[in-house]
Amino acid sequence: RETGLSQEDAADRLAKYGANELHAGKQKSVLQIFLGQFADFLVLILILAAVISACMGDVESMIVILAVITMNAILGTVQTVKASASLDSLKQMSAPTAKVLRDGQIVQIPGREVVPRSVVILEAGDSVCADGRLLECASLKCAESALTGESLPVEKDTEPLSGETALGDRKNMVFSGSFVTYGRGRFLVTATGMDTEMGKIAQLLKNTEERKTPLQVSLDQFGRKLSIIILVICAVLFGVSVLWRHENVMNAFLIAVALAVAAIPEALSSIVTIVLSFGTRKMARENAIIRHLQAVEGLGSVSVICSDKTGTLTQNRMTVRKLYTGGEVIDAKDADFRDPLQEPLLRTALLCSDAVISGDTEIGDPTETALVRLGETNGFDEDLVRNRWPRLTEIPFDSDRKMMSTVSENKEENPLLLQWQSHFPSENKEDYLMGTVVTGAVVVVIVGLIIRSMVRDKKNGKSLQCGGDCGKCGGHCH
């Protein structure tokens with residue numbers, strides 16, 4: 001059986017391959033962010049106006065213009081730095097962890113410390129922190145929508161593949177960025193960090209050019225049009241003053257420049273920044289962090305949203321509405337699980353499920369979590385029920401049988417319980433025949449368990465056929 005890497009080998013591999021994390025690229029310094037606030041056509045026009053004002057001796061206008069654009073740059077820089085710090089904090093809080101084998105022991109480590117050749121254990125609700133080949137698999141399903149766009153979880157297996165296979169068809173592999181929705185398993189890590197499939201996508205994103213928001217495009221267009229109009233008006237005024245009114249050329253030039261400076265809206269940039277700041281604060285109250293101020297207007301310009309329904313527009317939750325028990329259909333809200341006919345139904349639903357509920361957190365298949373939630377709301381503690389009836393064996397759900405079967409044992413009374421959870425009724429002879437064959441197989445398993453229990457009891461000096469008073473066993477049964 002796999003024992004995993006030793007602590008020394010894991011440390012050596014961590015030093016060789018680096019941390020298991022995606023490289024975000026070189027981050028801009030605060031000074032670079034501040035200077036980037038001036039990379040706007042309208043702001044450049046204002047700077048030019050300030051320079052012309054200084055050359056004309058109008059120091060007051062120069063000070064006002066520079067003060068306005070500097071305050072605007074400071075406000076934008078503060079917002080960007082605060083948003084970046086908040087996002088970094090969220091990344092630290094949501095940093096994934098992984099259960100790995102180290103020297104034969106299962107230990108939990110930060111996801112960034114996972115290295116190639118590690119053996120990672122997966123359970124329902126776990127995030128997959130690296131790419132790897134499955135070694136063991138028990139009804140494992142992974143949500144890989146971030147990689148493939150497929151909204152439904154993918155059923156995994158350990159069977160080898162032949163030839164070139166598309167990413168979505170690699171059923172014996174798990175990938176970083178996906179998460180386990182059902183079942184359990186373990187895999188051997190084959191790639192970490194930027195070498196994973198998710199890392200390849202991150203590398204492509206690093207090479208993309210940053211596009212301007214609709215607001216930035218509009219302001220650039222407005223600045224260019226305004227500049228052209230001002231230059232045309234100033235040129236006409238200069239020509240009229242020199243050619244028609246025969247004024248001094250220098251005086252006419254100064255008048256034209258003064259008109260150009262006066263026509264430039266110095267407060268426009270600061271007004272836009274202040275309005276966007278209000279939008280950013282409003283988004284923050286809705287628990288949305290905006291890194292760049294201009295992105296607020298970009299969100300407001302969205303007219304069409306293409307989204308997968310499940311888990312996005314809906315909560316990906318199911319609720320039990322009807323029950324069929326005692327030969328009749330009843331509403332779930334009218335159920336009374338103290339009734340001897342109804343109690344076994346809910347107990348079976350809890351035992352024939354791998355879903356786990358803790359408060360508002362639900363882990364597992366939505367159908368199973370709905371059944372467990374029904375038990376929780378009716379006073380059934382899933383942990384107590386499962387501890388009293390531990391699972392001995394199971395036949396996982398599959399699309400052919402359309403049901404899951406488990407065998408549980410009552411620790412207190414020691415009877416065996418065969419239970420099954422059917423998702424769809426059988427509608428033809430083939431399904432009925434398959435159900436019969438499987439039921440027969442389960443019965444064989446039960447008989448085997450009973451025989452094993454009889455043999456164990458006999459070895460312990462007990463007889464299942466002796467009441468204790470006949471004396472045939474020589475008193476050994478006592």
Side-chain angles (χ1 to χ4, degrees), residues 123-125 138-139 181-184 315-398 401-426 431-432 435-436 438-450 452-453 457 464:
E123 296 177 349
S139 306
T181 61
Y182 189 81
R184 51 189 176 272
Q315 295 181 325
N316 196 24
R317 288 185 177 182
M318 299 181 70
T319 305
V320 177
R321 297 296 186 188
K322 302 283 186 179
L323 301 173
Y324 180 78
T325 178
E328 60 179 345
V329 178
I330 61 175
D331 290 332
K333 63 179 183 297
D334 298 330
D336 181 9
F337 292 103
R338 292 172 296 182
D339 188 327
L341 290 178
Q342 298 182 19
E343 188 273 339
L345 172 65
L346 185 57
R347 184 179 71 241
T348 301
L350 291 176
L351 294 176
C352 198
S353 165
D354 291 322
V356 177
I357 290 180
S358 177
D360 293 332
T361 303
E362 298 180 352
I363 300 175
D365 182 82
T367 303
E368 295 189 356
T369 56
L371 297 173
V372 176
R373 179 67 70 183
L374 177 65
E376 292 281 345
T377 55
N378 285 275
F380 275 69
D381 189 317
E382 57 178 294
D383 292 330
L384 292 178
V385 174
R386 290 171 178 172
N387 289 335
R388 182 183 176 186
W389 296 80
R391 185 180 301 179
L392 300 179
T393 186
E394 67 179 272
I395 301 177
F397 174 86
D398 61 66
R401 297 177 58 240
K402 298 182 176 61
M403 69 172 63
M404 172 185 181
S405 306
T406 64
V407 177
S408 299
E409 179 182 22
N410 190 328
K411 284 186 175 181
E412 299 176 4
E413 302 174 6
N414 203 32
L416 292 174
L417 173 66
L418 167 65
Q419 53 206 359
W420 62 90
Q421 181 189 114
S422 178
H423 288 239
F424 300 98
S426 297
D431 286 345
Y432 177 80
T436 304
V438 171
T439 302
V442 175
V443 170
V444 171
V445 172
I446 294 175
V447 172
L449 291 172
I450 295 175
R452 185 184 67 179
S453 178
D457 291 343
L464 295 178

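- Side-chain contact between Leu323 and Leu374 is present, with heavy atoms from C-beta onward closer than 4.5 Å.
- In this structure, Asp336 CG and Ile330 CD1 are separated by 8.5 Å, a value rounded to the nearest 0.5 Å.
- Contact of the Arg386 side chain with the Ser353 side chain is registered, since non-hydrogen atoms from C-beta on lie closer than 4.5 Å.
- Every residue two or more places apart in sequence or in another chain was checked for a side-chain hydrogen bond (donor to acceptor under 3.5 Å, both in side chains) with Glu376, and none qualifies.
- Every side-chain hydrogen bond (donor to acceptor under 3.5 Å, both in side chains) that Arg391 has, sequence neighbours left out, goes to Asp354, Glu394.
- Arg373 has its side chain out of reach of Val320: every pair of non-hydrogen atoms, C-beta onward, lies at least 4.5 Å apart.
- A salt bridge between Arg321 and Asp331 is absent, with no side-chain N of the basic residue lying under 4.0 Å from a carboxylate O of the acidic one.
- A donor-acceptor contact shorter than 3.5 Å is absent between the side chain of Glu409 and the backbone of Pro390.
- The line from CD of Glu343 to OG1 of Thr348 is 8.0 Å long, rounded to the nearest 0.5 Å.
- Note that OG1 of Thr369 is 11.5 Å distant from OH of Tyr182, once rounded to the nearest 0.5 Å.
- Note: Met318 CE to Glu368 CD = 11.5 Å, rounded to the nearest 0.5 Å.
- Between Ser408 atom OG and Arg347 atom CZ the span is 9.5 Å, to the nearest 0.5 Å.
- Residues Leu371 and Leu350 form no side-chain contact, since every pair of their non-hydrogen atoms from C-beta on lies 4.5 Å or further apart.
- With rounding to the nearest 0.5 Å, the separation of CG in Leu384 from CH2 in Trp389 is 14.5 Å.
- Asp334 meets the salt bridge (Lys or Arg N to Asp or Glu O under 4.0 Å) test with no other residue; sequence neighbours excluded.
- With a 4.5 Å cut-off on side-chain heavy atoms, Cys352 and Thr406 count as touching.
- The shortest heavy-atom contact between Val329 and Tyr324 is CG2-CD1, 3.6 Å.
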